[in-house]
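What follows is one structure encoded as structure tokens, with my remarks underneath.
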Amino acid sequence: MLVITCPYCGPRPEIEFAHGGEAHIARPQDPSSLGVEDWTEFLYMRANPKGLHAERWRHLHGCARFFNALRDTTTDQFVATYRTGEPRPDLAAVKA
Amino acid sequence: MTRFSAFELFRQGLTGQSGWKPQWRSPEPKAAYDAVIVGGGGHGLGAAYYLASQHGMRNIAVIEKGWLGGGNTGRNTTIIRSNYLFPESAGLYDHSVKLWEGLSRELNYNVMFSQRGVMMLAHTVHDVQVFQRHVHANRAAGVDNEWLTPEEAKAYCPPLNISDNMRYPVLGAALQRRGGTARHDAVAWGYARAADRLGVDILENCEVTGIVRNAQGAVEAVETTRGRIKTPKVGVSAAGHTSVVLGMAGVRLPLESFPLQALVSEPVKPVFPCVVMSNTIHAYISQSDKGELVIGAGTDIYTSYTQRGGLHISQHTLEAICELFPQFRRMRMLRNWGGIVDVTPDRSPIVGKTPVPGLYVNCGWGTGGFKATPGAAHTLAWTIAKDAPHPINAPFTLERFRDGFLIDEAAAAAVAH
């Protein structure tokens, strides 16, 4: 079981959390002007990377708040967790 | 290549069974092929076999980054059934069951297809209504499926606990008698041997590292760890890694890859006559001919490429198994493992063309691709050979997400299936 660090509550076991899929997919500002290809991209297409993945989590059985995480999908190791609304961390800057 | 028969077994017995030859060659890659299949599992090897046997394309290759059948072909729980709700799905999966029925004879290889019946348990009023709807839809589509009372279910599968003091008592079951299991490795090996016999080159330990496109955007070659291979047609059957492979050609897909776990018990004498599935409390169980109980667990909640998952997922399934079959409570589990499954938003596969000319894909089978091996391979081969879909896989396009023609088995089954 993974240990996930909620940015609000600290480290907690995986069973307290729900996975929310790929992060930073912004809802269209002007939905009625969006073409069919853009809607397909927004609704269905996913990066599904083998490596670093920015994804949403929700601390369902804790504070119940959404947050984002950077996780390596080849090891399941969490590199960073950060609050919703914050930009994806620049890993080079984090290491420095 | 030696043809397998009772006589041949006897003849080899005269020399102590020491005269058997390897079942397929290990050739060096040629500089160019008429078509290349990426992925040496049952789906990919099957596609190569049907390309060679039905479409006369024999200058082709299957490239596999590891060993044959080492991915999800060797990691699933071997359940075969076709009782899906929608006519498109029932058509595709039943096409597979019909091919399964003749597969051992066609390949001259015993894939141990055993139609011992697949029983899906209903535990809630909702389950009962949904499964009865499935039964009616299947029968209207010409697919066998029947409704059983709890007593009839227990008569079909005596270990089943139908007492009413369970947390989720069994209220009935849907039974597909033509469903069952097959030997997963044999499917890969049988297709490999039959394809090799028709001249298909099977290249193991050969990983795709790039897909080369020409000025018009069409496929021109694949870059591999064993060199560049020129080809005008590439078919990708890479399961959980499909997003990665198609990403090399700049194609984005509506896929997410999740770990799916399975486990087997210590081997015991025959105790379990059929396949039992419970979507609601999440238990999938059958007994292999070797005697192990083969148990399927659920997917982990997060995307991953690790081929493993959390132990609590397996534990959850075992709790359900012990409740349904109390006689297994003291059994020990031998091994558990994970495979990476590529899941689409509607839980139906994508089999067909891509936006890149000459690039074809067979993916999105999610948690249930093994049962479809022959049908997927057969229709993919047709699509590659003719550059057009077979009527059976025609609804399973990538464009259905854009055009709104989802085949929503996710909603129909309410869980991964």
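In what follows, chains carry the letters A, B, and so on, assigned in the order in which the sequence lines appear, proteins first and then strands, with residues in each chain numbered from 1.
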Original post:
Side chain, backbone, both or neither: which part of Leu406(B) has a heavy atom under 4.5 Å from chain A?
Top reply: side chain

**OP:** Quick one: do Ser243(B) and Lys50(A) satisfy side chain to side chain contact (heavy atoms under 4.5 Å, CB included)? Show the steps, please.
**Re:** CA-CA 9 Å; Ser243(B) 296; Lys50(A) 186 176 183 176; over 6 Å; no

Subject >> Part of residues 34-45 of chain A lying next to chain B, heavy-atom separation under 4.5 Å >> reply: Val36(A), Glu37(A), Thr40(A), Glu41(A), Tyr44(A), Met45(A)

Original post:
Quick one: are Asn48(A) and Arg252(B) in side-chain contact, heavy atoms under 4.5 Å?
Top reply: no

Subject >> Interatomic distance, Arg46(A) atom CZ to Glu256(B) atom CD [nearest 0.5 angstrom] >> reply: 6.5 Å

**OP:** On the 0 to 90° scale, with breaks at 30° and 60°, tag the Tyr302(B)-Trp57(A) ring pair as parallel, tilted or perpendicular.
**Re:** tilted

Original post:
If you measure from CD on Gln77(A) to OG1 on Thr306(B), what distance do you get to the nearest 0.5 Å?
Top reply: 12.5 Å

Subject >> Residue pair Thr303(B) / Glu22(A), side-chain heavy-atom distance below 4.5 Å >> reply: no

**OP:** Identify the residue among Asp72(A), Asp76(A), Thr75(A) that makes a side chain to side chain donor-acceptor pair (under 3.5 Å) with Ser304(B).
**Re:** Asp76(A)

Original post:
Does CD in Glu86(A) sit with more than 12 non-hydrogen atoms of other residues, nucleotides or ligands closer than 6.0 Å?
Top reply: yes

Subject >> For chain A, the option from His312(B), Gln307(B), Arg308(B), His241(B) that forms the most heavy-atom pairs under 4.5 Å >> reply: His312(B)

**OP:** Answer yes or no: is there a side-chain heavy-atom contact under 4.5 Å between Leu311(B) and Met1(A)?
**Re:** no

Original post:
Ser257(B), Gly310(B), Pro345(B): which one forms the most heavy-atom pairs within less than 4.5 Å of chain A?
Top reply: Ser257(B)

Original post:
In this structure, are over 12 heavy atoms from other groups packed under 6.0 Å from Tyr168(B) atom OH?
Top reply: no

Original post:
Is the closest side-chain heavy-atom distance between Glu14(A) and Asp300(B) below 4.5 Å?
Top reply: yes

**OP:** Check each atom of Leu253(B) against the heavy atoms of chain A and say whether the ones under 4.5 Å are side chain, backbone, both or neither.
**Re:** backbone

Original post:
How many angstroms lie between atom OG1 of Thr74(A) and atom OH of Tyr305(B), to the nearest 0.5 angstrom?
Top reply: 10.5 Å

Original post:
Gly20(A), Pro49(A), Gly21(A): which one forms the most heavy-atom pairs within less than 4.5 Å of chain B?
Top reply: Pro49(A)

Original post:
Among all residues two or more places apart in sequence or in another chain, which pass the ring-ring contact (aromatic ring centres under 6.0 Å, His included) test with Phe405(B)?
Top reply: none

